[in-house]
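Each remark here refers to the structure printed beneath this line.
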Amino acid sequence: MQLKLQALNGFKDILPGDVELWQFVETIARSVFARFDFSEIRLPILEPTELFARSIGETTDIVEKEMYTFVDKKITMRPEATASLIRAYIEHGLYVQKPVQRLFTIGPMFRHERPQKGRLRQFHQMDAEVLGSQNPRIDAELMAMGAMLLQELGVSVSLELNSLGCPECRPAYRLQLQTFLTERFDTLCDDCKRRSSTNPLRVLDCKNPRCRAQVQAAPSILEHLCSACGQHFEEVQAGLGQLGVQYSLNKFMVRGLDYYTRTTFEFITTDLGAQAAVGAGGRYDGLIEQLGGPKGVPGIGFAMGMERLVLLLQQSAGGDALGRLCPDLFIAALGQAASDFCFGLAHELRSAGLRVAMDLEGRSLKSQMKQADKTGASWVLIIGEDEMKNSQGLLRNMKNQEQQQVELKAGTLKSLLQTRYIDGTEFSVKKILS
RNA sequence: GUGGGCGUAGCUCAGUAGGUUAGAGCACCUGGUUGUGGCCCAGGAGGCCGUGGGUUCGAGUCCCAUCGCCCACCCCA
């Protein structure tokens, strides 16, 4: 209470009890990514400020006011992963090694926004990106992968799909939209009045009811795609259909980063308050070239918000069903001699591969039994003066209260513990560890 | 950056019209069992009542300021 040092606003510790949920999310994600032949790439958190300015867009909110930047050094803590990933892709010439790269990365991102539910200043994303293919099947496959990941996590979300066109068709549409908005300028909210000149597409996803009503009649980008974009979008949808991915078209969906082209999508939930997007992404066919990479190399990717996934898991019924890993054995030592001996025995058992817990504080047997119970250990090895005399330990099965005398040798103990009981069923330790 | 709400034990919260040493449940520790967990019982530890100032004989309670957190706008994963 007197402690003045505390985590910064918008920065959170992930404590034991919650961390298991995070590990679950990561484990499932890695499994799904592997099945789709994605390789992990690990990227630095600090990058040149210019990298984000040039990719995300000089006039986006992220770049204008949300980045953690060391101004004097011109470096910034990454607010998203795609830019870094492409930087690495170009820097190491990954496009030479393999024409189509499938990469994923997991880690913290930083944006100086006002924290609220599902939104922190340090937050974590899982990113998957495919570089080097404009094939619409890649788009479909990527969305299918996201859907599979979410399904295996057990969270239910809906997928919304749109196309933003390309430099061929978007400018003309943008102009037409701008004209439409200008005609209704007075009915728009203040934000949208500003947006209608700077970034008219953003007006489309304004939450203000009056703006929404106006925008219903606005020209749709989907009806103004050039033939190439139109066909691409058709094939993306055909791919989704073939893979059995449910989705709905949302012609008002706009992404907040400037680099998106053609396919954009969001995985949406209604269970997170104001933060509806659990995952989102899209195609960015011009970005690699724009950052100094090879000409014409396209890309597409998505990011999932891990805090949001964890929140959904916590809110759903099965959220707390994920137990912690329990020790195989708890050693209860009584008296100095036994304690000295067990200190070494625990180490031997640990190096033999067992998960061993022990109390080093010299507490009463009753207290140690309580601790053992709390850790969930399946077995307790009791060693006191009597046991030390005849070199026999007392091994108690915590599930059925049976006790037996055992030889105090690591090898013997290990083989005795090769079986344990979970919900009445016998499992081999090795099977569980593998 | 703009609103609104809330700060009392590790956690969740009581605290009556300002009035003795500030409470409960959970969690923690010890004991009831000279060496045996879950349940139960008894005891214990743990609070400058976010911080600073003011009003008052007296402030957790009223006033002001300040800091912190939460939710929403905005933005986004």
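For the numbers below, each heavy atom of this structure counts, side chains included, while hydrogens, waters and symmetry mates do not. Chain A is the first sequence line, chain B the second, and so forth, proteins listed ahead of strands; every chain is numbered from 1.
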| field | Flag, side chain of A:Arg194 to backbone of A:Asp190, donor-acceptor distance under 3.5 Å | value | no
| query | Between A:Glu20 (side chain) and A:Gly17 (backbone), is there a donor-acceptor pair under 3.5 Å? | reply | yes
| Has A:Arg255 got a side-chain N or O lying under 4.0 Å from the OP1 or OP2 atom of B:A77? | yes
| task | With P as the reference atom in both, quote the distance from B:G25 to B:G44 in angstrom, rounded to an integer. | result | 13 Å
| query | Should the pair A:Glu361-A:Arg363 be classified as a salt bridge under the 4.0 Å nitrogen-to-oxygen rule? | reply | no
| field | B:C63 and B:U55, which share atom name P, separated by this distance in whole Å | value | 15 Å
| field | Interatomic distance, A:Glu113 CD vs B:U2 C1' [rounded to whole Å] | value | 15 Å
| message | In whole Å, measure the gap between the P atoms of B:A17 and B:U61 for me. | response | 15 Å
| field | Span that lies between the P atom of B:C57 and that of B:G50, in whole angstrom | value | 25 Å
| request: Please work out if A:Gly118 contacts a base, only the sugar-phosphate, or nothing of the nucleic acid, heavy-atom cut-off 4.0 Å. | output: base
| note | Numerically ordered, the residues 145-163 of chain A set in heavy-atom contact under 4.0 Å with RNA chain B is none
| query | Taking atom P of B:C70 as reference, at what distance in whole Å does atom CZ of A:Arg119 sit? | reply | 12 Å
| remark: Of B:A77, B:A72, B:C76, the nucleotide closest to the side chain of A:Arg202 is B:C76
| task | Could you give the distance separating B:U20 and B:C28 at their C1' atoms, to the nearest angstrom? | result | 30 Å
| query | RNA chain B: A:Leu8 or A:Lys65, which has the more 5' nearest nucleotide? | reply | A:Leu8
| field | Rounded distance in Å between the C1' positions of B:C49 and B:C40 | value | 34 Å
| Rounded interatomic separation in angstrom, taking NZ from A:Lys117 and P from B:C69 | 19 Å
| field | Reading 5' to 3' through nucleotides 30-41 of chain B, protein heavy-atom contacts under 4.0 Å coded B for base, S for sugar-phosphate only, - for none | value | SSB--BBBB---
| said: Measure CD1/A:Ile106 against C1'/B:A77 and give the value in whole Å, please. | reply: 14 Å
| field | Whichever of A:Arg114 and A:Asn208 has its nearest RNA chain B nucleotide further upstream toward 5' | value | A:Arg114
| task | Using a strict 4.0 Å threshold on nitrogen-to-oxygen distance, state whether A:Glu50 and A:Arg54 make a salt bridge. | result | yes
| field | A:Lys370/A:Asp373 salt bridge by N-O under 4.0 Å criterion | value | no
| If the P atom of B:C64 is compared with that of B:G18, how far apart are they to the nearest Å? | 16 Å
| note | From CH2 of A:Trp22 across to C1' of B:A77 the rounded distance in Å is 11 Å
| request: Report which part of the nucleic acid A:Ala277 touches: base, sugar-phosphate, or nothing (heavy-atom distance under 4.0 Å, all strands). | output: sugar-phosphate
| query | Is it the case that A:Arg102 places NZ or CZ above or below the six-membered ring of A:Phe104, under 6.0 angstrom from the centre and within 45 degrees of the axis? | reply | no
| Rounded distance (Å) that lies between atom P of B:G3 and atom NZ of A:Lys207 | 19 Å
| Dot-bracket line, read 5' to 3' along RNA chain B, where crossing pairs take [ ] and | marks a partner on another strand, Watson-Crick or G-U under 3.5 Å | (((((((..((((.....[...)))).(((((.......))))).....(((((..]....))))))))))))....
| task | Classify the ring geometry between A:Tyr68 and A:Phe11 as parallel (under 30°), tilted (30 to 60°) or perpendicular (over 60°). | result | perpendicular
| With distance as the sole test, does A:Thr269 use its side chain to make a donor-acceptor pair with the main-chain N or O of A:Val157 at under 3.5 Å? | no
| query | A:Asn9 side chain: which of B:U2, B:C69, B:A77 is closest? | reply | B:C69
| query | Rounded to the nearest Å, what distance is computed from the NE2 atom of residue A:His112 to the P atom of nucleotide B:U2? | reply | 12 Å
| Salt-bridge criterion met for A:Lys65 and A:Asp61 (N-O under 4.0 Å) | yes
| A:Arg283 and side-chain contact (heavy atoms from CB on, under 4.5 Å): which partner among A:Thr261, A:Thr264, A:Val130? | A:Thr261
| Rounded distance [0.5 Å steps], CZ in A:Arg121 versus CG in A:Leu8 | 8.5 Å
| Distance, P atom - from B:A9 to B:G60, rounded to whole angstrom | 14 Å
| query | Is any side-chain N or O of A:Gln116 closer than 4.0 Å to OP1 or OP2 of B:A72? | reply | yes
| Nearest-Å distance, OH (A:Tyr259) to C1' (B:C76)? | 12 Å
| query | Between CD of A:Glu266 and CZ of A:Phe302, what distance do you get to the nearest 0.5 Å? | reply | 13.5 Å
| Would A:Arg30 and A:Glu26 pass as an ion pair if we require N to O under 4.0 Å? | yes
